[in-house]
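Convention: sequence-line order gives letters A, B, ...; per-chain numbering from 1.
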There are 2 protein chains.
Amino acid sequence: MTDFPAAEFAARFKRAQTLMAAADFDALLLTTEAEVRYFTGFRSLFWQSPTRSWFVILPQSGAPVAIIPAIGADLMGRTWINDIRSWPSPRGFDEGISLLVEALSPYRRIGLPMGEESSLRMPLTDFQTLQSSLKAKFADCTPLIKSLRTVKSEAEIEILKEICQIGSRAFSRVPDFATAGTPLSEVFRRFRIALLEEGAEETPYVVGGAGQGGYTDVISPPDASPLAQGDVLMLDTGASLKGYFCDFDRNFAIGTASDAARAAHARLWDATEAGLEAARAGTTTAQLFVAMQSVLKGGSDVGRYGHGLGMQLTEWPSIAAHDHTELQAGMVLTLEPSLMLDETRMMVVEENILITKDAPVLLTQRAPRELPVI
Amino acid sequence: MTDFPAAEFAARFKRAQTLMAAADFDALLLTTEAEVRYFTGFRSLFWQSPTRSWFVILPQSGAPVAIIPAIGADLMGRTWINDIRSWPSPRGFDEGISLLVEALSPYRRIGLPMGEESSLRMPLTDFQTLQSSLKAKFADCTPLIKSLRTVKSEAEIEILKEICQIGSRAFSRVPDFATAGTPLSEVFRRFRIALLEEGAEETPYVVGGAGQGGYTDVISPPDASPLAQGDVLMLDTGASLKGYFCDFDRNFAIGTASDAARAAHARLWDATEAGLEAARAGTTTAQLFVAMQSVLKGGSDVGRYGHGLGMQLTEWPSIAAHDHTELQAGMVLTLEPSLMLDETRMMVVEENILITKDAPVLLTQRAPRELPVI
């Protein structure tokens, strides 16, 4: 009844238990959407409501326990999880905390994601109550979760391949509606519809920009300004299928492309090519960064040249000088070199790849080296 | 350059400062999307990336300070905020924490949302570093933020009215594509497209269910099962415009409606009617719950009969027996009574309303009392 067979979740949990033993965790406590979904298969958009806390406990030995609001018990009951404890939420007091205390009381050292890219999805006052009600110590288990989630299974890779192809087909339709005079907000809307028509289930992330010869940022919502001759339009999408994301962008020149814009696009393409050449199992993300940087000789405020991809729009690792994650077969990454064209304008080109034992597999339909003119 | 004029944000900040003085907070620290957007106007889908932390400090006297990753400095620079401090993120160490420590060091009591419906969006290890680097005490400021955000301004209400009308128009098109034999996943896709075509900017929340005479839960993603004669289909949407949500649902019987389904729909409609009658400034949400409950004499696992609505799909308060929030003119709420039809099947009907000094204003086009048959 979930996106993967029960065996997939059992395998994930077993790997977690092996790592928990090695790291001396008696149990892990999970509170966030991606982690709960990764281990249980529970997928719902309802996480967007901040009202209720959701908890999953993975013991080093024994079965997983879901401690969740009653509204989710039916859906969780359709996963491989058998031990589901719920309370009528919201009720204004004890939002699952006494159930948590009872379930966690046997443990003396509990792993909790507290590090890089993590957050705790529960009220801090509730967490303080939990801490003071338990004798256990909480310790950071981010590296454990990261090591599991960054290497995708074959079933995960199949979904990622499919959503990247959906994104590629949607991008091929952009020339149909991104024309001079069309408001940027309308271009975004048409692009979302194209993504849905091509098979995306969700389009939670559509951003981009447009401006004469380049754009000034890559995270803005669109305004109603019409596209103009000489604009460079960039559309970036995190669209999703079964809760897995593509995350890549494409650039288009409207009517005409300046020499500077064309040169920047070609340089970014060459940097990606260097990334594709360097992206091998055993290489580190820092080395991959250097390979791309040696072509770019530039950079921007984005802060990295790509990142992990999967159940979230961005995941560990970062392709950045500080990140020394060793690439492994099964990792899915974005390559996302960016450049400043001048003090305010920038350009970014992004592809999604799968690391293998040999050359990486491109999941996206590669952008052309020459900046396309619409 | 933001969704509201600078005066709107200045007024919000000034109200916050008055409340901070009354509650003895020297400053507030905000880390979450809705709170940062409420006070700055910074709107971006980029919050979906968990990689980077974002911070805003509101001092009891003086100007707000944004401490944010460099990737967001350009967009934040287009808001009314002048004091923007950024760092090149991600960099693997000190993700804004030393800037935070410097900015917060003058204060001895700092408000942080730690209570009802809140979470802390930063790694817990970073928060521990922050705590140990400051002499200040952190205290819960959830009631302060709640009292501000629950009462909408005229400008916010205008947007909410518009997105509710967009949602109503999209629901009126459901009979065009929700027919026996159509896979539920395709119905969801077509509904998303209808929402976009009618003017929604985002469709982050489309859930629902279908089943013979009723459905078993209201938070599932769709599967590919075809709609069948006798099914009751429910579609629920949180679509958004300028970052503000509608949140309501509609029920449709496919081909034919059972007497039980029709009776349940009429009872839910009557409960909503009782809610509309009771929803007056000065009434509490608990009293509003009782008014609806007296008609329903039932309930479900949803846990409440509605909630606040605005920048998030669900906001405080809860229309529930435990919640004694006093209704005020300017609050926008959902009325969402639900019923169990038997041990597994349920039904829910939802409307969005604006509390005024007199009768509430219905923002959605009211569902018919009679369950519509497609």
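Atom CZ in A:R78 sits 8.5 Å away from atom CG in B:D223 (nearest 0.5 Å). Summarising the geometry, atom CD belonging to B:E197 is positioned 9.0 Å from atom CZ belonging to A:R190; distances are rounded to the nearest 0.5 Å. The structure places CD1 of B:I71 at 7.0 Å from CE of A:M346, a figure rounded to the nearest 0.5 Å. The distance from the CH2 atom of B:W47 to the CD1 atom of A:I219 is 9.5 Å, given to the nearest 0.5 Å.
Only the side chain of A:R52 has a heavy atom closer than 4.5 Å to any heavy atom of chain B. With a threshold of 4.5 angstrom between heavy atoms, B:P88 does not approach chain A through any atom at all. In this structure, chain A has heavy atoms under 4.5 Å from both the backbone and the side chain of B:S49. If you measure heavy-atom distances from A:F127 to chain B, the contacts under 4.5 Å come from the side chain alone. With a 4.5 angstrom heavy-atom cutoff, A:D74 touches chain B only via side-chain atoms. With a 4.5 Å cut-off on non-hydrogen atoms, A:S89 touches chain B through its backbone but not through its side chain. If you measure heavy-atom distances from B:V207 to chain A, the contacts under 4.5 Å come from the side chain alone. Proximity to chain A (any heavy atom under 4.5 Å) is shown, for B:E95, by neither the backbone nor the side chain. Heavy atoms of B:A200 lying under 4.5 Å from chain A belong exclusively to its backbone. Contact of B:F42 with chain A is made through the side chain alone, with heavy-atom distances under 4.5 Å.
In this structure, A:Q48 contributes its side chain and B:P204 its backbone to a donor-acceptor pair below 3.5 Å.
Contact count versus chain B (heavy atoms, under 4.5 Å) is highest, among A:G303, A:A34, A:S118, A:P50, for A:P50. Residue with the most contacts toward chain A among B:V302, B:D236, B:L112, B:T142: B:V302 (heavy-atom pairs, distance under 4.5 Å). Per-residue counts of heavy-atom pairs under 4.5 Å with chain B were compared for A:I193, A:L313, A:T31; the largest is that of A:I193. For the set B:A320, B:P113, B:G92, the count of heavy-atom pairs under 4.5 angstrom toward chain A peaks at B:G92.
More than 12 heavy-atom neighbours from other residues, nucleotides or ligands sit within 6.0 angstrom of NZ on A:K146.
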Pair A:L196-B:L196, side-chain contact (heavy atoms from CB on, under 4.5 Å): steps then yes or no | CA-CA 11 Å; A:L196 291 165; B:L196 291 165; 3.7 Å; yes

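The side chain to side chain donor-acceptor pair (under 3.5 Å) test with B:T51 singles out one residue from A:Q312, A:R304, A:E116, and that residue is A:R304. Exactly one of B:H322, B:H307, B:E117 qualifies for a side-chain contact (heavy atoms from CB on, under 4.5 Å) with A:P90. That residue is B:H322.
Between B:S119 and A:L120 there is no side-chain heavy-atom pair separated by less than 4.5 Å.
Residues passing the side-chain contact (heavy atoms from CB on, under 4.5 Å) test with A:P222, sequence neighbours excluded: A:L184, A:S185, A:F188.
Between A:E202 and B:R192 a salt bridge is recorded (basic side-chain N to carboxylate O distance below 4.0 Å).
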